[in-house]
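Input: a single structure, listed below in structure tokens.
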Amino acid sequence: MRTDWTALPETVTTKIAERVGGARVTPSSTGDHAEIAATVAGPRTKVFVKAASSDLGVRSLRYELLVSNAVDRPYSPAVEWHFETDGWLVVGFEQLDGPHADLSPGSRHLDLLAAVVEDLSRTPALGSTWFTPATRLGSSHPAAEGQMVVHTDLNPANLIVTPSGLRVVDWAYATKAAPWLELALLAHWLVGSGHTPEQADKWLTQFPAWGTTDPEAIDDLASRSASKWLAKAHGSADEWIRDLADWTGQWAAYRAKR
């Protein structure tokens, strides 16, 4: 859950101000992994600051910090600086300005996304700082195992269209896995952006991994995702959870009829 900027200790806000030359703060309206997420601007620079003090928040942010440094590609935001003080881990990321990607049918942003997905499918996940399909998705299917970087959450809020191209943020759940997992996890976001399940499936066929993956593995993940979000949506008042239950349910139903 997000915390107001004023909840930060003075030692933290002072260190941030020293790095940017001031502290004009604009809180982020999306995401919830870190307690604090905001654009902080000053006369010297502008950065996107994430800060966490809870055990879960710190673990997530420490992981994102390590993974963002490990992904040597132009679409991952650079880590400008980080520090720890008074129980808070604080990270200053490169500020990315631009609209979130439009993934609706016919959008030109779909071509930008396709290029990123194709690049990730050829990007080895070096080292040990990664989730596995089992720890990230609860999937023990042998086809899910692999050696490539899978972001696992390429929803429109994590895709920013900048003058230099599409950039990808929030690497908190990056996984070392088979490339087809990225495609399978994109399906419900395409449905949520206005595609029918059939249209989403057709768009995914442009990637070689989609046609060479065991359909049973894709069906298994679709069913698991739908069951997870349906359970989360039961009794929940959060619209985004109900939306995900709807979209994953549509995708799983389509896969089950194939």
Side-chain angles (χ1 to χ4, degrees), residues 31 33 59-77 79 93 101 103 109-160 165-193 200-201 203-226 228-229 244 247-248 251-252 255:
H33 298 143
R59 284 201 305 270
S60 175
L61 188 51
R62 199 181 304 283
Y63 180 83
E64 184 176 359
L65 173 62
L66 291 170
V67 171
S68 293
N69 280 326
V71 179
D72 185 20
R73 283 297 186 271
Y75 40 76
S76 176
V79 175
F93 291 97
L103 303 186
H109 296 167
L110 289 170
D111 290 338
L112 300 179
L113 176 61
V116 169
V117 170
E118 184 61 31
D119 193 15
L120 281 176
S121 74
R122 299 191 300 266
T123 303
L126 303 177
S128 59
T129 310
W130 307 94
F131 280 101
T132 66
T135 57
R136 170 66 177 107
L137 303 167
S139 174
S140 58
H141 199 289
E145 299 297 326
Q147 303 298 315
M148 300 302 165
V149 174
V150 179
H151 182 279
T152 74
D153 193 17
L154 294 179
N155 74 76
N158 286 337
L159 304 172
I160 301 176
L166 186 66
R167 306 292 296 277
V168 183
V169 300
D170 198 351
W171 293 81
Y173 291 121
T175 300
K176 188 175 187 176
W180 70 266
L181 276 180
E182 196 80 90
L183 306 175
L185 293 168
L186 257 176
H188 61 264
W189 293 116
L190 294 173
V191 171
S193 297
D201 195 12
W203 188 83
L204 294 168
T205 59
Q206 69 184 287
F207 303 99
W210 196 244
T212 58
T213 299
D214 180 359
E216 191 276 329
I218 299 174
D219 296 344
D220 179 70
L221 183 61
S223 177
R224 286 175 180 271
S225 295
K228 178 184 77 173
W229 287 107
L244 279 169
W247 304 335
T248 56
W251 176 245
R255 292 296 308 183

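The analysis underlying the following values was restricted to heavy atoms, covering all of them including side chains, and did not include hydrogens, waters or symmetry mates.
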Given side chains that start at C-beta, do those of His109 and Leu166 come closer than 4.5 Å, heavy atoms only?
no

Any Glu182 side-chain heavy atom under 4.5 Å of Thr175 side chain
no

Donor-acceptor check, side chain of Tyr63 to backbone of Ala174, threshold 3.5 angstrom: yes or no?
yes

Main-chain N/O of Gly138 paired to Arg224 side chain as donor or acceptor, under 3.5 Å
yes

Could you measure the distance from the CG atom of Leu181 to the CD1 atom of Ile218? Nearest 0.5 Å is fine.
9.5 Å

Heavy-atom side-chain proximity of Leu137 to Leu185 below 4.5 angstrom:
yes

Just by distance, do the side chain of His151 and the backbone of Val169 share a donor-acceptor pair under 3.5 Å?
yes

Donor-acceptor pair, Gln206 side chain versus Trp203 backbone, under 3.5 Å?
yes

Give a yes-or-no answer on whether the side chains of Thr152 and Arg136 include a donor-acceptor pair shorter than 3.5 Å.
yes

For the residue pair Tyr173 and Phe131, categorise the inter-ring angle as parallel (less than 30°), tilted (30 to 60°) or perpendicular (more than 60°).
tilted

Quick one: are Gln147 and Lys176 in side-chain contact, heavy atoms under 4.5 Å?
yes

Side chains of Leu190 and Leu110 in contact at under 4.5 Å (non-hydrogen atoms)
yes

Quick one: does Leu244's side chain get under 4.5 Å of Trp189's, heavy atoms only?
yes

Please check this pair: side chain of Trp251 against backbone of Ser225, looking for a donor-acceptor N/O pair closer than 3.5 Å.
no

Would the distance check show the side chain of Glu145 and the main-chain N or O of Ala178 forming a donor-acceptor pair, the cut-off being under 3.5 Å?
no

Check whether any side-chain N or O of Ser223 sits under 3.5 Å from a backbone N or O of Asp219 as a donor-acceptor pair, and report yes or no.
no

Validation row: Leu103, Leu159 side chains within 4.5 angstrom (heavy atoms)
yes

Side chains of Arg255 and Pro215: does their closest heavy-atom pair fall under 4.5 Å?
yes

